[in-house]
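Positions are given from 1 along the sequence. All of these numbers come straight from a predicted model, not from anything done at the bench. These values consider heavy atoms only, across backbone and side chains, with no hydrogens, waters or symmetry-generated copies.
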Amino acid sequence: MYEQNDDQTSNEDDVECPYCGNTYLQSTEGWVQCRACLKWAHCSCAGEDDNDDELYHICDICKV
């Protein structure tokens, strides 16, 4: 999972959640990566538990 690191502050580390549009640098919650398209999303937006280290997530866009 993608967790915010205070050492990562450049814009190249900033990604947008495809569900809510908020960015990684504005967030304090966990992130999960889609195994199909490789986009990152908030765990809560994706409906996933942010404590699951073995999560295999496929986003709603790729499920269609």
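For His42, the ring pair (Phe, Tyr, Trp, His ring centres under 6.0 Å) partners two or more places apart in sequence, or in a different chain, are Trp31.
Of the possible donor and acceptor atoms, one in the side chain of Gln33 sits under 3.5 Å from a partner among the backbone N and O of Leu38.
To the nearest 0.5 Å, atom NE2 of residue His57 and atom NZ of residue Lys39 are 11.5 Å apart. Trp40 CH2 to Cys34 SG: the interatomic distance, rounded to the nearest 0.5 Å, is 11.0 Å.
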Subject >> CA sep, side-chain torsions, deciding dist, call: Tyr19, Cys59, side chain to side chain contact (heavy atoms under 4.5 Å, CB included) >> reply: CA-CA 9 Å; Tyr19 296 98; Cys59 72; 3.4 Å; yes
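In terms of heavy atoms, Glu29 sits closest to Ser44 at OE1-OG, 2.5 Å. Nearest heavy-atom pair, Leu55 versus Arg35, reported as atom, atom and distance to 0.1 Å: O-NH2, 3.4 Å.
Listed by chain and number, the hydrophobic cluster partners of Tyr56 are Ile58, where partners are ILVMFWY side chains within reach of under 4.5 Å, directly or through others.
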